[in-house]
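Every value quoted in this text rests on a predicted model; they were computed, and no experiment measured them. All values below were derived from every heavy atom in this structure, side-chain atoms included, with hydrogens, water molecules and symmetry-related copies excluded. Counting begins at 1 with the first residue of the sequence.
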Amino acid sequence: MLAVLIATLPLLTSRRSDHDTVTASESVTPAGVPVEVPNTIEVRCEPTGIVVPVASVRPQRDGLHIRVVNSLPGPTSVAVGDTTGWSSGPITVETGMEDVRVPVPPGVLSIGCDIAGVQDRRQVNLVDTPGYYETPTLACDEGEQVVVNNLPIEPATASITDAVRVGLAAYDPSGDGLTAPRGYPSARLGDPTDDPVVAVTRDHDVVAFAHVRGAGGSTSAPWTTIVKLQACSTRFAPDASAAATTTTTTTPAGPSPPA
């Protein structure tokens with residue numbers, strides 16, 4: 001009898017040890033520890049619809065990063081918009097995986113992809129926990145601002161900065177200090193948007209926003225018109241000869257789309 005008990009003791013000890021190993025999982029997140037919001041969101045465009053696995057995402061220094069997985073048989077278009085009217089416009093994505101970056105402001109976003117001719121959309125919260133985003137504004141009060149509409153770009157050009165230099169030649173002969181509106185610190189000209197805008201800076205201050213379009217109001221090159229110039233009149237004053245063929249009004253600051 002004693003021999004039988006001794007023989008079974010190692011077996012009982014082994015079973016207890018195995019049970020402890022299974023239940024003491026190190027992968028369980030401790031209670032009260034917040035889940036980190038990702039800084040890239042995956043969007044899957046599938047034949048049955050769009051799939052967005054998370055409800056919130058945070059931006060990076062140059063905007064919202066999206067990893068699009070297109071499992072459709074051909075190209076699709078992805079679009080991002082927010083409740084203020086900002087829109088990326090349609091972004092063509094081929095079959096497979098592609099990374100997209102958009103300078104959309106933080107807030108409640110709508111992300112969609114075209115599936116069988118229908119935009120299937122999901123809402124996502126863009127939470128700017130790092131505090132990267134600042135609304136682009138002019139370095140002057142509203143009473144010091146003017147708007148000039150429909151400045152021709154002749155000749156048309158594929159470079160948006162060259163287009164603004166040509167269109168503003170009568171206003172700004174130097175043609176220097178042309179950048180992307182700095183909503184995000186690392187924003188870049190050419191990021192997807194349905195309102196291409198170039199900021200004009202002087203001594204690190206933004207003194208004008210030039211809203212640029214192609215033929216027929218297109219949001220892609222070649223660029224033919226500055227449809228709206230918002231400027232600080234004290235820093236970037238239109239001259240009489242240039243203004244003679246344009247419409248000048250006052251407007252609030254900010255790179256808002258043309259009316």
Side-chain angles (χ1 to χ4, degrees), residues 34-45 49-70 76-93 98-115 118-139 141-142 145 147 160 179-199 201 206 208-213 219-220 227-228 230 251-259:
V35 177
E36 184 177 359
V37 177
N39 65 1
T40 298
I41 189 168
E42 183 177 277
V43 172
R44 300 199 290 268
C45 302
I50 186 174
V51 177
V52 182
V54 298
S56 297
V57 63
R58 57 190 169 93
Q60 298 185 38
R61 288 182 57 85
D62 52 1
L64 171 63
H65 285 230
I66 306 171
R67 176 154 294 170
V68 182
V69 181
N70 177 16
T76 186
S77 66
V78 174
V80 180
D82 71 0
T83 56
T84 69
W86 191 98
S87 174
S88 66
I91 305 168
T92 301
V93 177
E98 185 172 334
D99 290 334
V100 174
R101 179 189 66 252
V102 291
V104 58
V108 179
L109 310 183
S110 173
I111 299 179
C113 55
D114 192 313
I115 299 174
V118 177
Q119 273 279 316
D120 192 11
R121 294 181 173 274
R122 295 292 181 271
Q123 281 194 341
V124 173
N125 291 318
L126 179 59
V127 185
D128 188 17
T129 50
Y132 289 141
Y133 189 83
E134 293 184 11
T135 302
T137 56
L138 296 178
D141 296 331
E142 290 186 16
Q145 297 168 21
V147 167
I160 195 167
T179 67
R182 296 296 180 184
Y184 290 100
S186 299
R188 306 168 210 182
L189 289 169
D191 283 345
T193 174
D194 68 353
D195 182 29
V197 182
V198 176
T201 62
V206 178
F209 292 117
H211 301 255
V212 185
R213 296 292 185 274
T219 57
S220 59
V227 292
K228 181 161 67 175
Q230 299 169 264
T251 185
S256 57

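Legend: residues meeting side-chain contact (heavy atoms from CB on, under 4.5 Å) with Ser110, ordered by chain and number and at least two apart, are Arg121. The side-chain contact (heavy atoms from CB on, under 4.5 Å) test applied to Asp62 returns Gln60, His65, Arg101, Ser186, Arg188, not counting sequence neighbours. The salt bridge (charged side-chain N to carboxylate O under 4.0 Å, His left out) check on Arg44 picks up Glu42, Glu46, with sequence neighbours excluded. The side-chain contact (heavy atoms from CB on, under 4.5 Å) check on Ser87 picks up Asp194, with sequence neighbours excluded. Shown here are the ring-ring contact (aromatic ring centres under 6.0 Å, His included) partners of Tyr132, two or more places apart in sequence or in another chain: there are none. Not counting sequence neighbours, the partners of Pro103 by the side-chain contact (heavy atoms from CB on, under 4.5 Å) test are Trp86, Tyr184, Asp191.
Counting heavy atoms from C-beta on, the side chains of Arg213 and Pro196 come closer than 4.5 Å. Residues Ile111 and Arg122 fail the side-chain proximity criterion, which asks for heavy atoms closer than 4.5 Å. Looking only at side-chain heavy atoms (C-beta outward), Val104 and Leu109 come within less than 4.5 Å of each other. When side chains are defined from C-beta on, Val108 counts as touching Gln123, because their heavy atoms get closer than 4.5 Å. Taking the side chain as every heavy atom from C-beta outward, Val43 and Ile50 approach each other to under 4.5 Å.
A distance of 9.5 Å separates OG1 in Thr219 from CG in Asp195, rounded to the nearest 0.5 Å. The distance from atom CG of Asp99 to atom CD1 of Ile66, rounded to the nearest 0.5 Å, is 10.0 Å. Note: Arg182 CZ to Thr137 OG1 = 14.0 Å, rounded to the nearest 0.5 Å. Rounding to the nearest 0.5 Å gives a distance of 13.0 Å between CG of Asp128 and CG of Asn125. Rounded to the nearest 0.5 Å, atoms CG (Asp120) and CD1 (Ile115) are 5.0 Å apart.
The two residues Cys45 and Cys113 come nearest to each other via the heavy atoms SG-SG, 2.5 Å. Across every non-hydrogen atom of Leu126 and Pro105, the tightest pair is CD2-O, 3.7 Å. Of all the heavy atoms in Val51 and Pro53, the pair that sits closest is O-CD, 3.9 Å. Ala187 and Pro181 get closest at one heavy-atom pair: CB-O, 3.9 Å. The two atoms that bring Ile41 and Val52 nearest to each other are CD1-CG1, 3.5 Å, heavy atoms only. When all heavy atoms are compared, the tightest approach of Ser88 to Val102 is CB-CG1, 4.0 Å.
Using a distance-only test at 3.5 Å, with no hydrogens or angles considered, no donor-acceptor pair links the side chain of Gln230 to the main chain of His211.
Just one residue in the list Thr76, Val100, Val68 forms a side chain to side chain contact (heavy atoms under 4.5 Å, CB included) with Ile91, and that residue is Val100.
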